[in-house]
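Here the structure is laid out as structure tokens; the discussion comes afterwards.
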2 protein chains.
Amino acid sequence: MAEQSDEHTRERILDQAERLFAVKGFEAVSIREITRAAASNLAAVNYYFGNKKNLYLEVFRQRWMIRTRLVRQSFAEKLAGNPNPSIPEILHAMARAFLDGPLSDEQRRQHALLMQREMARPGDALKLVVEEVMRPYHEELITLLRPNLPRHVDEERLRLCVLSILGMTLYFTFARPAVSIVMGRQYDACFKSQLIQHVQTFATDGLNGLVAENRKQ
Amino acid sequence: MAEQSDEHTRERILDQAERLFAVKGFEAVSIREITRAAASNLAAVNYYFGNKKNLYLEVFRQRWMIRTRLVRQSFAEKLAGNPNPSIPEILHAMARAFLDGPLSDEQRRQHALLMQREMARPGDALKLVVEEVMRPYHEELITLLRPNLPRHVDEERLRLCVLSILGMTLYFTFARPAVSIVMGRQYDACFKSQLIQHVQTFATDGLNGLVAENRKQ
DNA sequence: GTCTATAGCAGGATAGAC
DNA sequence: GTCTATCCTGCTATAGAC
């Protein structure tokens, strides 16, 4: 089960816990299932993490946050050497980082599922997700976009636009089964690049509308 | 607990099951909790529904589907008497039906949460959700939009646009806690009408981009 | 149809050997 | 650190009285 048996038990447990919590949700996974998948002993979870709930929190602190950092890094790299990226460039970099970034397909799906679970049912990890990741990411995007927008663009509308963009990108990731059925497509490289292109275009047009609106006033 | 004690036991159980499954997820809710909330006996679930899983499916069949029909009806009504609705009119009606339609705030949230749970983890209800609701809704929107679009608009791009619109609308409903924190706003009437307006505008611009694209070719 | 009682099992957590 | 054995709680499901 564990890809790297020489990895420390604690790490193997975190890996498998992340995977299982993402796919099934907190309550649907048992400690027994996790330790079995991690090829470790049943008592190991309590030894290393105290209890199940704390293991869940550690998954966010020591796995989820790191993945997020990777995604944001890849986002930043795509824009590196471009001091004044245009709106389409920013959005393309964002969409690529999310939908085709440094994570594997499975990791990406897990990552989105965990985030989405916390957003749907606020738990102890929601504060972590929002304050440490969503809000900074939000601000970063707004900072990048602002030079491309009129000075007096409505701040609240801009925030709603950014939320919409993140929302639909997240949706394309976590709702993969449903999207696949409706579109009649597999999530292969071809479809992913179409998705990225679509998010870029659709969101660019949405933001351009914001610009035009502002001009009229 | 139960608002209507004179309602039949079976109905009270369905009501409470819907609420609890939506908020907590299938595995996190026990039959005990449901029957307690429905002020009925522990054995009632098995008597009326056979087992827990079947109760879950009945929630979709006898509650979720009906709510969907209500939402679509309210969508249709908003467009009634308008034989050729424009894109903004269609989108406004759609956003209003979803974000401020015939359901109560709590019902709306429950509805979105149940759908989103099924999309995230495909279960026996996913087929029901997709084939009976998502796909027809999808086709209806496309049919309404098409007269406003150039004849040779890319079919796949259009489908992706509709998915994006549904995705972000759904996101604003189920991710309410997170959206509230990021925006620093309560989901009151004022914020909801802003959301509706935003979805309409943002999506209209996104679709208009599709039109412009087509012209260039 | 409604209730009590209980079978039968799976879960989280811990104690204590090694 | 790792393992076995075990406690206890809470769950689903059912049998059977009323």
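Numbered from 1 within each chain, the chains take letters A, B, ... in sequence-line order.
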d(CD1, B/I34; C1', D/dA13) in whole Å: 14 Å
Salt bridge present between A/E58 and A/R61 (N-O < 4.0 angstrom): yes
Aromatic plane relationship, A/F26 with A/Y56 - under 30° parallel, 30 to 60° tilted, over 60° perpendicular: perpendicular
Pairwise 5' ranking along DNA chain D for B/L42 and A/A43, keeping only the more 5' one: A/A43
Close residues, residues 47-64 of chain B, relative to DNA chain D [heavy-atom separation under 4.0 Å]: B/N51, B/K52
DNA chain D: 5'-proximal contact among A/R32 and A/A44 (nearest heavy atom): A/A44
Side-chain heavy-atom pair A/L163, A/M134 within 4.5 angstrom cut-off: yes
Between D/dC11 (C1') and B/N46 (CG): distance, integer Å: 11 Å
Short N-O contact, B/R185 and A/E156, less than 4.0 angstrom: yes
side-chain contact (heavy atoms from CB on, under 4.5 Å), paired with B/S40, selected from B/R12, B/Q16, B/R10, B/H8: B/R12
Ionic contact status for A/R63 with A/E11, cut-off 4.0 Å: yes
Where chain B begins and ends its contact with DNA chain C, read 5' to 3' at 4.0 Å from heavy atoms: C/dG1 to C/dT4
A/E139 bridged to A/R146 by N-O distance under 4.0 Å: no
Under-4.0 Å salt bridge between A/E27 and B/K24: no
